[in-house]
Enquirer: 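I'd like to ask some things about the structure below.
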Amino acid sequence: MGQQRSIIIKSDPAAVATAGAEAFVAAANSAIASTGRFTVALSGGSTPKALFALLADPNQPYRNQLSWDRLYIFWGDERHVPPDDPNSNYLMAYTNLLSKVPIPEANIHRIQAENGDSTAAAADYQSDIQTFFHAAPGTFPAFDLILLGMGPDGHTASLFPNTTALTETTKLVTSTWVEKLHTDRITFTYPLINAAKAVLFLVTGADKAPVVKTILTSDAPQYPASNIRPTTGTLTWILDTAAAG
Ligand code: 6PG
């Protein structure tokens with residue numbers, strides 16, 4: 001278990017997004033104050049979309065509180081599709097956030113999931129991360145913040161129950177076949193996520209309540225999200241009342 005786990009419950013998905021935006025800005029400004037930059041891995045799914053829209057909105061306070069050229073954007077997982085595919089996590093973040101803020105293209109590190117060989121795409125992304133962080137082979141660099149969601153089956157990033165990705169202990173990024181979706185996914189591994197300085201889950205919706213309850217009240221390693229326990233970093237769950245049951 002990490003040093004600290006916080007659970008924050010908000011009334012609805014919009015309030016979850018607001019709390020997520022506040023946490024994002026606080027993490028960014030603290031990292032920039034101490035290291036001059038903010039390294040963040042985004043997630044896909046519907047929940048972060050509202051967060052991205054808030055961060056990009058010129059009529060909200062967040063956009064002007066961020067030094068966008070100090071942000072370095074990565075993704076914790078990606079679908080095995082090109083960047084212009086409607087299912088691309090990159091496209092979702094680009095459309096709702098990155099195309100709307102003054103962030104240099106060079107600061108955006110997407111997973112090259114248009115590569116037909118998803119294993120090669122995962123290896124290339126691992127190399128990109130190792131080069132960026134000057135991380136020696138066998139070490140796991142610490143992102144300032146990793147944003148995560150959770151599916152009703154307890155998956156997080158693209159760490160799905162009963163997949164080979166769950167037993168990966170040496171790679172930072174892996175490709176994994178997800179039988180229930182009949183596709184490969186490219187995902188950060190447990191050790192890379194658990195090396196982060198901060199991990200933030202944003203979870204909304206009543207369909208997730210049973211798994212949320214099990215994970216937050218017991219030891220439930222069968223649900224991948226429950227195995228996210230930063231070694232030294234912080235772990236925060238922001239839930240709406242529906243997900244909190
Ligand atoms: C993805 C995600 C995934 C997501 C959960 C929750 O690529 O699909 O990164 O792990 O976060 O499925 O998704 P929702 O927020 O849409 O419920």
Side-chain angles (χ1 to χ4, degrees), residues 10 12-21 23-24 40-55 73-83 85-98 109-114 118 121-122 125 143 145-163 165-166 173-190 192-194 196 199-212 215 223-228 235-245:
K10 295 289 175 182
D12 55 26
V16 169
T18 298
F24 186 100
V40 58
L42 306 179
S43 66
S46 58
T47 312
K49 211 172 180 174
L51 160 67
F52 296 164
L54 279 181
L55 292 175
I73 308 290
F74 293 78
W75 277 263
D77 76 312
E78 186 55 278
R79 290 92 186 267
H80 191 201
V81 295
D85 187 289
N87 288 316
S88 163
N89 286 341
Y90 162 80
L91 183 65
M92 194 280 274
Y94 189 79
T95 306
N96 293 287
L97 173 61
L98 302 173
H109 293 252
R110 69 173 181 85
I111 301 174
Q112 313 260 318
E114 63 273 37
S118 62
Y125 203 53
F143 279 85
L145 177 65
I146 297 183
L147 284 177
L148 294 174
M150 188 189 77
D153 60 355
H155 85 261
T156 189
S158 283
L159 298 166
F160 285 79
N162 307 313
T163 57
L166 304 185
V173 182
T174 191
S175 162
T176 189
W177 176 255
V178 183
E179 181 60 30
K180 70 190 271 190
L181 303 174
H182 272 270
T183 184
D184 286 309
R185 288 284 186 99
I186 299 150
T187 185
F188 278 16
T189 59
Y190 284 138
L192 181 57
I193 298 174
N194 284 332
V199 173
L200 175 60
F201 276 93
L202 300 180
V203 181
T204 62
D207 56 334
K208 305 190 180 150
V211 174
V212 166
I215 289 178
Y223 297 122
S226 80
N227 300 319
I228 303 304
L235 175 61
T236 306
W237 287 70
I238 305 181
L239 310 168
D240 68 352
T241 46

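Order of appearance sets the numbers: ligands from 1, and atoms from 1 within every ligand.
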Enquirer: Within the structure, does Ser158 bring an N/O atom to less than 3.5 angstrom of an N/O atom in ligand 1?
Expert: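 Among all N and O atoms of Ser158, none is under 3.5 Å from an N or O of ligand 1.
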Enquirer: Starting from atom 6 (C) of ligand 1, find the nearest protein heavy-atom neighbour and note its residue, name and distance.
Expert: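 The answer is Met150 O, 3.5 Å.
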Enquirer: Give the residue, atom name and distance (to 0.1 Å) of the protein heavy atom nearest atom 13 (O) of ligand 1.
Expert: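 Closest protein heavy atom to atom 13 (O) of ligand 1: Gly45 CA, 3.7 Å.
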Enquirer: If you have a sec, work out which protein heavy atom is nearest atom 4 (C) of ligand 1 and how many Å separate them, to one decimal?
Expert: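 I find the closest protein heavy atom is Gly44 O, 3.8 Å.
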Enquirer: Could you grab the distance from atom OG1 of Thr174 to atom CG of Leu192, nearest 0.5 Å is fine?
Expert: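 So the gap between those two atoms works out to 11.5 Å.
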Enquirer: Which atoms of ligand 1 are found less than 4.0 Å from any heavy atom of Arg185?
Expert: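 Checking each atom against Arg185, I get 1 (C), 7 (O), 8 (O).
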Enquirer: For atom 15 (O) of ligand 1, what is the nearest protein heavy atom, given as residue, atom name and distance?
Expert: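 For atom 15 (O) of ligand 1, the nearest protein heavy atom comes out as Thr47 OG1, 2.6 Å.
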Enquirer: Which heavy atom of the protein is the closest neighbour of atom 8 (O) of ligand 1, given with residue, atom name and distance?
Expert: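 Result for atom 8 (O) of ligand 1: Arg79 NH2, 2.6 Å.
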Enquirer: So, do Thr47 and Val203 sit near enough that their side-chain heavy atoms are less than 4.5 Å apart?
Expert: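 Counting from C-beta outward, Thr47 and Val203 never come under 4.5 Å.
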Enquirer: Applying side chain to side chain contact (heavy atoms under 4.5 Å, CB included) between Phe188 and each of Thr156, Val173, Ile111, report the one that passes.
Expert: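 For Phe188, the side chain to side chain contact (heavy atoms under 4.5 Å, CB included) test succeeds with only one of Thr156, Val173, Ile111, which is Val173.
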Enquirer: Given Ala50, Gly149, Ser46, which has its nearest heavy atom closest to atom 14 (P) of ligand 1?
Expert: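 Of the listed residues, Ser46 has the closest heavy atom.
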Enquirer: In Å and rounded to the nearest 0.5 Å, what is the CG to OH distance from Asp77 to Tyr125?
Expert: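 Asp77 atom CG to Tyr125 atom OH measures 10.0 Å (nearest 0.5 Å).
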Enquirer: What are the atoms of ligand 1, with element, lying closer than 4.0 Å to any heavy atom of His155?
Expert: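 What qualifies from ligand 1 is 3 (C), 5 (C), 10 (O), 12 (O).
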Enquirer: Would you say the side chain of Met150 lies within less than 4.5 Å of the side chain of Ile215, judging by non-hydrogen atoms?
Expert: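 Yes; the side chains approach each other to less than 4.5 Å.
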Enquirer: So how far is it from Leu147 CG to Leu202 CG, rounded to the nearest 0.5 Å?
Expert: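 Separation between the atoms: 6.0 Å.
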Enquirer: Backbone, side chain, both or neither: what part of Ala157 comes under 4.0 angstrom of ligand 1, heavy atoms only?
Expert: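 Backbone only; the side chain of Ala157 stays clear of ligand 1.
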Enquirer: Could you find the nearest protein heavy atom to atom 17 (O) of ligand 1 and give me its residue, atom name and distance?
Expert: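 Minimum-distance protein heavy atom for atom 17 (O) of ligand 1 reads Lys208 NZ, 2.4 Å.
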Enquirer: How long is the span from the CZ atom in Phe201 to the OG1 atom in Thr236, to the nearest 0.5 Å?
Expert: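 Those atoms lie 10.5 Å apart.
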Enquirer: Indicate yes or no: at least one non-hydrogen side-chain atom of Phe52 is less than 4.5 angstrom from one of Leu42.
Expert: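 The answer is yes, as the side chains (C-beta and beyond) meet within the 4.5 Å cut-off.
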Enquirer: Would you say ligand 1 has an N or O under 3.5 Å from any N or O of Ser43?
Expert: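 No.
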Enquirer: In Å and rounded to the nearest 0.5 Å, what is the CG to CG distance from Leu166 to Leu159?
Expert: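 Output value for this atom pair is 6.0 Å.
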Enquirer: Run the numbers for me: atoms of ligand 1, each under 4.0 Å from some heavy atom of Asp77, listed by number.
Expert: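 Those of ligand 1 that fall under 4.0 Å from Asp77 are 1 (C), 2 (C), 7 (O), 9 (O).
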Enquirer: What I want to know is whether Asn89 and ligand 1 share at least one N or O pair that is separated by under 3.5 angstrom.
Expert: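 By distance alone, the answer is yes.
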